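The structure appears below as structure tokens.
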Amino acid sequence: MDIEEFRKNGKDMIDYICEYLAGLGERRVTPAIEPGYLRPLLPSTAPLKPESWSDIMADIEEKIMPGVTHWQHPRFHAYFPSGNSFPSILGDMLSDAIGCIGFSWAASPACTELETIVLDWLGQAIGLPKEFLAFSEGSKGGGVIQGSASECVLVCMLSARAQAIKKLKQQHPFVEEGVLLSKLMAYCSKEAHSCVEKAAMICFVKLRILEPDNNCSLRGATLRQAMEEDVAMGQIPFFVSTTLGTTSCCSFDNLSEIGPVCSDLDVWMHVDSAYAGNAFICEEFKPLMRGIEHASSFNTNPNKWLLTNFDCSTMWVRDRFKLTQALVVDPLYLQHNYSAQSIDYRHWGVPLSRRFRALKLWFVLRSYGIDGLQRYIRNHCKLAKRFEQLVLKDSRFEVANDVKMGLVCFRLKGEDKLTQELLAKINISGQLHMIPSLVNSRYIIRFCVTAEHATENDIDFAWSVVSDMAAEILSDPNNRQRRQSLLKRRLSFVRSVSRDVFQRSNSRSSLYDGCSPVIILDENDMEIKEDVFTFAPMKEELNEEIKSK
Ligand code: PLP
């Protein structure tokens with residue numbers, strides 16, 4: 001493709017994107033296909049000769065789109081929002097065109113400098129303590145863009161681990177580092193995201209998962225008791241990962257209580273606010289951050305709830321030298337003359353190479369202004385309240401979380417199976433998409449407002465689908481048993497559950513990853529291990545059901 005062809009095809013692509021996004025509402029939210037659908041549609045080897053652009057584009061609508069889950073669809077209410085907006089898409093296009101790899105200041109100065117500035121802008125808007133901002137007087141802190149919240153938690157844990165080992169090494173210079181490592185203990189709540197468990201695995205440290213209170217909030221007294229028990233057993237607490245806005249139900253750990261416990265034991269307190277942190281740009285949500293002054297680090301994902309495309313996970317630290325001490329490796333070929341005056345972001349994370357991700361965030365912040373972004377967040381919160389009211393008004397249902405932001409957790413009163421069945425029915429219809437989770441050990445449906453321009457009509461439509469399908473389920477008790485046996489296949493069919501998910505829900509930890517639905521199967525279903533798609537008669541039945549919708 002030469003530059004003139006790119007000019008033309010690029011414009012055509014923008015047209016295609018506009019049509020796709022404008023016509024999204026006409027499509028099913030989730031694809032009606034089965035695993036392996038694509039393999040027979042594509043050749044088994046890459047083409048030897050170049051193919052025409054029109055042939056490639058024809059395959060998009062014919063072969064790719066049928067297998068796409070439309071995250072920007074107005075009826076998509078699963079997970080958390082996947083940030084997306086026109087300014088952000090354009091920012092990423094430009095970043096791709098510049099194509100720089102900004103691992104050091106010298107490798108592309110604007111790439112580094114814009115990131116530092118934009119992170120200070122966003123940090124100020126969120127209301128982070130000034131020690132986290134790179135340009136505040138006497139600050140040792142600063143912000144960085146990582147690829148994901150999981151990466152943020154990992155690098156903070158790595159840094160805390162390095163600090164803890166350094167301190168222990170001073171106290172016990174002749175003890176092997178491996179022995180010291182075996183004493184380190186990290187903490188989080190049962191409601192924390194599974195990435196904390198993964199980080200502890202990578203860091204090779206023990207993780208103690210604590211019970212939150214009835215509001216799914218980790219409390220200081222629980223943490224203090226656990227740490228005291230561990231210290232008495234010779235363990236060394238070094239890191240606590242707290243959450244503001246948990247994945248399951250958007251609950252908030254009590255930082256004002258946890259912070260002083262961490263300070264007393266010189267423990268690193270990280271705050272993971274992947275979704276909810278974006279809302280702190282609104283004054284009315286800032287009180288939910290109370291206690292943030294105790295934090296050593298904080299992350300939020302503009303690629304979730306700030307109209308910025310994946311990947312853009314922003315992270316701030318109070319002391320950047322603690323971060324870089326854990327991550328610096330400095331071969332000669334990456335050194336340059338300005339290291340003392342500039343930031344080299346390769347020392348702030350795991351990868352060496354980094355894209356110019358600050359561009360899209362800069363475009364978003366400038367195109368919407370903080371004002372426009374606040375309006376977007378407030379609209380989602382208002383619509384979630386509307387959905388909550390609809391649930392509360394219906395005596396068949398109950399709300400299972402304290403709705404503070406854009407997430408409502410709800411369930412049919414009674415046994416979990418009813419809600420499972422309801423969700424299966426909704427998802428298979430392709431009219432809405434939601435995922436389940438567990439709140440206080442009860443199976444719930446998560447309804448999240450996700451679309452940029454979500455309206456009251458979208459909420460009312462979603463409720464009408466939920467309400468009608470609930471009526472069908474509740475009015476037909478005689479048929480329940482048969483439907484129960486269909487249930488796990490139905491869920492599987494809409495790619496909600498698979499064996500690994502099923503195993504996960506039975507795994508030793510109950511940390512949720514926010515993308516693997518938690519499924520509770522009947523006990524007598526437990527022995528069924530075959531792939532659900534081997535049930536041919538069932539597939540036919542499901543296909544019929546889909547066709548009839
Ligand atoms: N932390 C929380 C609170 C989350 O809700 C999520 C995902 O939803 C994550 C971490 C993981 O985010 P990422 O996919 O950016 O690693």
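Read the numbers this way: they start at 1 and go in the same order the structure lists the ligands and their atoms. Since the model is a prediction, treat every value here as computed from it, not as a measurement.
At least one heavy atom of G245 sits less than 4.0 Å from an atom of ligand 1. A heavy-atom separation below 4.0 Å is found between K304 and ligand 1.
Using a cutoff of 4.0 Å between basic side-chain nitrogens and carboxylate oxygens, D253 and R219 are not scored as salt-bridged.
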query: Run the side chain to side chain donor-acceptor pair (under 3.5 Å) check on D92 and N309 step by step: do they pass?
result: CA-CA 8 Å; D92 247 358; N309 287 68; 5.8 Å; no

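Side chains of S241 and H270: a donor-acceptor N/O pair is absent below 3.5 angstrom, by distance only.
In terms of N/O distances under 3.5 Å, ligand 1 is approached by T247. For ligand 1, the polar-atom distance check finds an N/O of S150 within less than 3.5 Å of one of the ligand's N/O atoms. Close N/O approach between D272 and ligand 1 is found [any backbone or side-chain N/O within under 3.5 Å].
Of all atoms in ligand 1, listed by their number and element, those nearer than 4.0 Å to a heavy atom of F80 are 5 (O), 8 (O). Each of the following atoms of ligand 1 lies closer than 4.0 Å to a heavy atom of N301: 15 (O).
Not less than 6.0 angstrom separates the ring centroid of W268 from the ring centroid of F238.
Pairs passing the salt bridge (charged side-chain N to carboxylate O under 4.0 Å, His left out) check and including a residue from residues 296-314, sequence neighbours excluded, read D311-R355, D311-R357, D311-K360. Residue pairs meeting the salt bridge (charged side-chain N to carboxylate O under 4.0 Å, His left out) criterion with at least one partner in residues 65-85, sequence neighbours excluded, are R75-D458.
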